[in-house]
Engineer: 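Quick one: the structure is below, and I'll ask about it shortly.
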Amino acid sequence: MKEFIEKMPKAELHVHLEGTLEPEHIFSLAQRNNIELDYSTPEEVIAAYDFHDLPSFLTIYYAAMNVLRTEQDFYELAYHYFERAKADNIIYVEPFFDPQAHTSRGIDFETIIGGIKRAQEDAEVKLGIESNLIMCFLRDMSADSAMEHLEMSLPFKDHIIGVGLDSDEKNNPPEKFAEVFAHARAEGYKLTMHCDVNQEDILGHIRECLDLINVDRIDHGVNCLEDDGLVQEIVSRELGLTICPVSNRFVVQSLTSAEIKKMLDQGIKATINSDDPAYFRAYLNDNFIALAEEGKFTKEDIVQLSRNAFDIAWLPDSRRQNYIDLLNEFNSN
Ligand code: ADE
Ligand code: ZN
């Protein structure tokens, strides 16, 4: 199974580029940008990764990003991820980025997007990895700030396929951003939102995503299984869920393998993703392999999880079919 997973062509639809910032890279960027760190080795950084819920993770995640300053820094961040993705046989990616986490430190939007875009172009040519960017708003910042960043993104609309919503979910429901997401939709962006596992009023948040925001997919969303009405709605709309097993384990002490199996059985388009792989110390193949070890998945289930990702990717149908053909060819050999 491990070799099968490693060789299987895959798409990744839920990975935060800032969550791919490896400790060694934090050190090299700190040195280049003359920034003092509280740690003296990458191992010490990893030892401080003590997450047990979303806020405890976010504190460390935002602190580390302070080393990202120049266009070249953002280029390297993204390109290192694409190289790592290549090693996992990922052929298509829709990565998230968090512009407000950088503009709030005085970094220009153009610097961020310029570096990432250049890495995407190089990854396509040199690594054969296609990607489409998703800009996330930080839900613990104001709706006005989100709207300002939406406006800032418009000159770069050709390089951004959709918008998402991440960061601290407590008391920050989808409804807070209804106007911003309506505006994003009118500008042609696809829409997704995090509904992180076991958050306060999570079923209410998923319901708002469906009824108020009219999302094109949901990030995480595992808790939908607790409400038959939500499940029916998600299945009938063919809405995809981007599940992140190792990330879930930090919150619920399980890879949610039983839930993922149930989703497949119920016809929900569940996909497997890494979320913040440098922090959770698990890239996409590690997530699939751990999941297959914890749960009862056949090879067909594993292929279905990969097929779901191509099915729900924000791609033109002809491109989608090319990828599904590659997966089918792999599966028939
Ligand atoms: N930002 C980066 N990773 C995140 C996660 N797992 N949940 C919410 N916001 C995030
Ligand atoms: Zn996430």
Side-chain angles (χ1 to χ4, degrees), residues 11-22 26 49-66 68 74 77-78 81 85 93-105 112 116 133-141 145-146 149 162-174 176-177 190-202 205-206 209 215-223 240-256 270-284 286-287 309 312:
E12 178 148 61
L13 307 178
H14 185 154
V15 58
H16 302 262
L17 284 176
E18 294 89 345
T20 70
L21 181 56
E22 288 286 345
I26 294 176
Y49 289 173
D50 174 24
F51 324 119
H52 48 277
D53 57 12
L54 187 50
S56 61
F57 160 71
L58 291 170
T59 301
I60 290 174
Y61 169 79
Y62 290 124
M65 294 177 201
N66 185 38
L68 293 164
F74 286 95
L77 173 73
Y81 164 69
V93 193
E94 287 174 6
F96 296 130
F97 73 116
D98 283 336
Q100 289 158 292
H102 313 300
T103 54
S104 59
R105 301 182 287 112
I112 307 162
I116 296 173
L133 263 187
I134 303 175
M135 179 174 79
C136 278
F137 303 113
L138 303 188
R139 68 200 304 160
D140 42 1
M141 293 184 74
S145 171
H149 284 76
V163 296
L165 187 68
D166 64 2
S167 202
D168 194 356
E169 196 160 334
K170 191 176 160 75
N171 297 326
N172 293 303
K176 173 175 167 187
F177 298 93
K190 295 282 192 185
L191 311 182
T192 186
M193 287 185 163
H194 276 55
C195 289
D196 257 281
V197 65
N198 283 13
Q199 299 297 297
E200 225 172 84
D201 192 25
I202 191 63
H205 288 190
I206 298 175
C209 279
V215 291
D216 296 292
R217 66 177 179 237
I218 293 175
D219 299 312
H220 299 288
V222 178
N223 295 91
L241 302 190
T242 62
I243 313 289
C244 308
V246 174
S247 168
N248 286 343
R249 189 165 59 191
F250 284 94
V251 182
V252 295
Q253 287 71 54
S254 140
L255 298 163
T256 60
T271 64
I272 303 304
N273 304 272
S274 69
D275 209 358
D276 300 287
Y279 291 90
F280 304 143
R281 313 305 296 156
Y283 281 82
L284 187 54
D286 306 318
N287 273 268
I312 69 166

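One-based numbering along the sequence shown. Each ligand, and each atom within it, is numbered from 1 in the order the structure gives.
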Engineer: N/O of D98 under 3.5 Å from N/O of ligand 1, yes or no?
Structural biologist: no

Engineer: For Y62, is at least one N or O under 3.5 Å away from an N or O on ligand 1?
Structural biologist: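 No - when backbone and side-chain N and O of Y62 are compared with those of ligand 1, no distance drops under 3.5 Å.
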
Engineer: Using a strict cut-off of 4.0 Å, indicate which atoms of ligand 1 neighbour a heavy atom of L54.
Structural biologist: 5 (C), 7 (N), 8 (C)

Engineer: Tell me which protein heavy atom sits closest to atom 8 (C) of ligand 1, plus the residue, atom name and distance to 0.1 Å.
Structural biologist: D196 OD2, 3.3 Å

Engineer: Hey, does L241 have a side-chain heavy atom less than 4.5 Å from the side chain of T271?
Structural biologist: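 No. Closest side-chain heavy atoms not under 4.5 Å.
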
Engineer: If I apply the N/O under 3.5 Å rule, does S247 come out as touching ligand 1?
Structural biologist: no

Engineer: Considering non-hydrogen atoms of the protein only, which is the closest contact for atom 3 (N) of ligand 1, and what is the distance?
Structural biologist: D276 OD2, 2.7 Å

Engineer: Pick from D275, D166, T192: which one makes a side-chain hydrogen bond (donor to acceptor under 3.5 Å, both in side chains) with H14?
Structural biologist: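 Checked D275, D166, T192 against H14; only one passes side-chain hydrogen bond (donor to acceptor under 3.5 Å, both in side chains): D275.
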
Engineer: For the Zn ion (ligand 2), state how many protein N, O or S atoms fall inside a distance shorter than 2.8 Å.
Structural biologist: 4

Engineer: Check for me whether F96 has a heavy atom closer than 4.0 Å to any atom of ligand 1.
Structural biologist: no

Engineer: For T256, check side-chain hydrogen bond (donor to acceptor under 3.5 Å, both in side chains) against everything at least two apart and list the hits.
Structural biologist: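 Partners of T256 by the side-chain hydrogen bond (donor to acceptor under 3.5 Å, both in side chains) criterion, ordered by chain and then number, come out as N248.
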
Engineer: Applying a strict 4.0 Å limit to heavy atoms, is G19 in contact with ligand 1?
Structural biologist: no

Engineer: Among protein heavy atoms, which lies nearest atom 6 (N) of ligand 1, and at what distance?
Structural biologist: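 Checked against all protein heavy atoms, atom 6 (N) of ligand 1 sits closest to D275 OD2, 2.8 Å.
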
Engineer: Heavy atoms, side chains only, cut-off 4.5 Å: are D201 and E169 in contact?
Structural biologist: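 Answer no - side chains too far apart.
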
Engineer: Strictly under 6.0 Å, is that where the ring centroids of H194 and H16 end up?
Structural biologist: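 Yes, ring centres under 6.0 Å apart.
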
Engineer: Find out whether L21 and I26 are in side-chain contact, i.e. whether some heavy atom of one side chain is under 4.5 Å from a heavy atom of the other.
Structural biologist: yes

Engineer: I need the nearest protein heavy-atom contact for atom 9 (N) of ligand 1: residue, atom name and distance, please.
Structural biologist: S167 N, 2.8 Å

Engineer: For residues 55-65, which side-chain N or O atoms pair as donor and acceptor with protein atoms under 3.5 Å away, sequence neighbours left out?
Structural biologist:
| unit_1 | atom_1 | unit_2 | atom_2 | d |
| --- | --- | --- | --- | --- |
| S56 | OG | H52 | N | 3.0 |
| S56 | OG | D53 | N | 3.2 |
| S56 | OG | D53 | O | 3.0 |
| S56 | OG | D53 | OD1 | 2.7 |
| T59 | OG1 | P55 | O | 3.0 |
| Y61 | OH | D98 | OD2 | 2.7 |
| Y62 | OH | S167 | OG | 2.7 |

Engineer: Kindly write out the residues that satisfy salt bridge (Lys or Arg N to Asp or Glu O under 4.0 Å) with D216, not counting sequence neighbours, or none if the list is empty.
Structural biologist: R185

